[in-house]
**Q** 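One structure follows; several queries about it will come next.
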Amino acid sequence: MKTDYGTLSQTINGLKAEGYTLDFNVQKDCLICHNTNTQLSPDEFEIDGVFRFEGESDPDDEAVLYAISSTKSDAKGVLVNGYGVSNDDASAALVQKLNRHL
């Protein structure tokens, strides 16, 4: 895995070319891919890479992209989020796992 692909969209495309094809979202106690109904609890996935993007003029443009894999379900995908995951969006275990890599 490269450490720098360029922009957020270039990084997503680069990771897709490397097999990270699922699009994960944060749900209360897990990550979920709605297209495949794949659900991963914090102990079922690893974070293979973290990429930070900062907006040049607008702090709202800041984002973190996680490259995520799971040997349990043979799933690989990405999670795009603002800077950090808040407790409002996810369980404490999920927040702890994701924020450990920031």
Side-chain angles (χ1 to χ4, degrees):
M1 175 180 310
K2 291 171 58 172
T3 58
D4 184 19
Y5 296 83
T7 65
L8 176 60
S9 61
Q10 290 169 331
T11 304
I12 291 171
N13 290 334
L15 289 171
K16 281 186 180 180
E18 293 184 33
Y20 292 87
T21 56
L22 301 181
D23 182 20
F24 289 109
N25 292 292
V26 173
Q27 199 166 44
K28 185 69 177 166
D29 58 353
C30 64
L31 297 182
I32 186 167
C33 174
H34 293 288
N35 291 339
T36 62
N37 287 327
T38 302
Q39 293 186 9
L40 302 174
S41 65
D43 61 333
E44 296 176 330
F45 69 87
E46 296 301 322
I47 298 172
D48 302 327
V50 177
F51 305 88
R52 296 180 192 201
F53 301 91
E54 297 180 8
E56 290 184 29
S57 61
D58 187 354
D60 289 338
D61 292 339
E62 295 176 345
V64 176
L65 172 66
Y66 297 91
I68 294 170
S69 65
S70 172
T71 55
K72 175 188 178 269
S73 64
D74 200 29
K76 288 174 74 175
V78 297
L79 168 67
V80 178
N81 211 318
Y83 257 103
V85 177
S86 72
N87 285 324
D88 296 340
D89 298 336
S91 69
L94 188 58
V95 170
Q96 180 181 12
K97 180 144 191 179
L98 293 172
N99 286 342
R100 182 178 343 153
H101 295 276
L102 287 179

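Note that this is a predicted model, so its numbers are computed, not measured.
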**Q** Might you point out which heavy atoms bring T38 and A75 nearest each other, and give the distance in Å?
**A** CG2-CB, 4.2 Å

**Q** Applying side chain to side chain contact (heavy atoms under 4.5 Å, CB included), can you list everything that pairs with T21, at least two apart in sequence or on another chain?
**A** none

**Q** Could you tell me the separation between the CG atom of N13 and the CG atom of L8, rounded to the nearest 0.5 Å?
**A** 9.5 Å

**Q** State whether the number of non-hydrogen atoms from other residues, nucleotides or ligands found under 6.0 Å of D43 atom CG is greater than 12.
**A** yes

**Q** What's the separation between atom OG1 in T36 and atom CG in L22, rounded to the nearest 0.5 Å?
**A** 5.0 Å

**Q** Give, for atom SG of C33 and atom CD of Q39, the distance between the pair rounded to the nearest 0.5 Å.
**A** 10.5 Å

**Q** List in chain and number order the residues that pass side chain to side chain contact (heavy atoms under 4.5 Å, CB included) with Q10, two or more places apart in sequence or in another chain; answer none if no residue qualifies.
**A** T7

**Q** Listed by chain and number, what are the side chain to side chain contact (heavy atoms under 4.5 Å, CB included) partners of K2, not counting sequence neighbours?
**A** Y5

**Q** Looking at residues at least two apart in the chain, or sitting in another chain, which of them share a side chain to side chain contact (heavy atoms under 4.5 Å, CB included) with N25?
**A** I32, H34

**Q** Taking atom OG of S69 and atom OH of Y20, what is their separation to the nearest 0.5 Å?
**A** 5.0 Å

**Q** Tell me every residue that passes side-chain hydrogen bond (donor to acceptor under 3.5 Å, both in side chains) with D23, counting only those two or more places apart in sequence or in another chain.
**A** none

**Q** Drop me the distance from F51's CZ to T11's OG1, to the nearest 0.5 angstrom.
**A** 6.5 Å

**Q** Can you name the salt bridge (charged side-chain N to carboxylate O under 4.0 Å, His left out) partners of E44, sequence neighbours left out?
**A** K72

**Q** side-chain contact (heavy atoms from CB on, under 4.5 Å) for L31 and V26? Distances and angles first, verdict last.
**A** CA-CA 5 Å; L31 297 182; V26 173; 4.1 Å; yes

**Q** Here's one to test your reading of the geometry: is the NZ or CZ of K97 within 45 degrees of the ring axis of Y66 and under 6.0 Å from its centre?
**A** no

**Q** Report the distance from atom CD1 of I68 to atom CG of D48, rounding to the nearest 0.5 Å.
**A** 8.5 Å

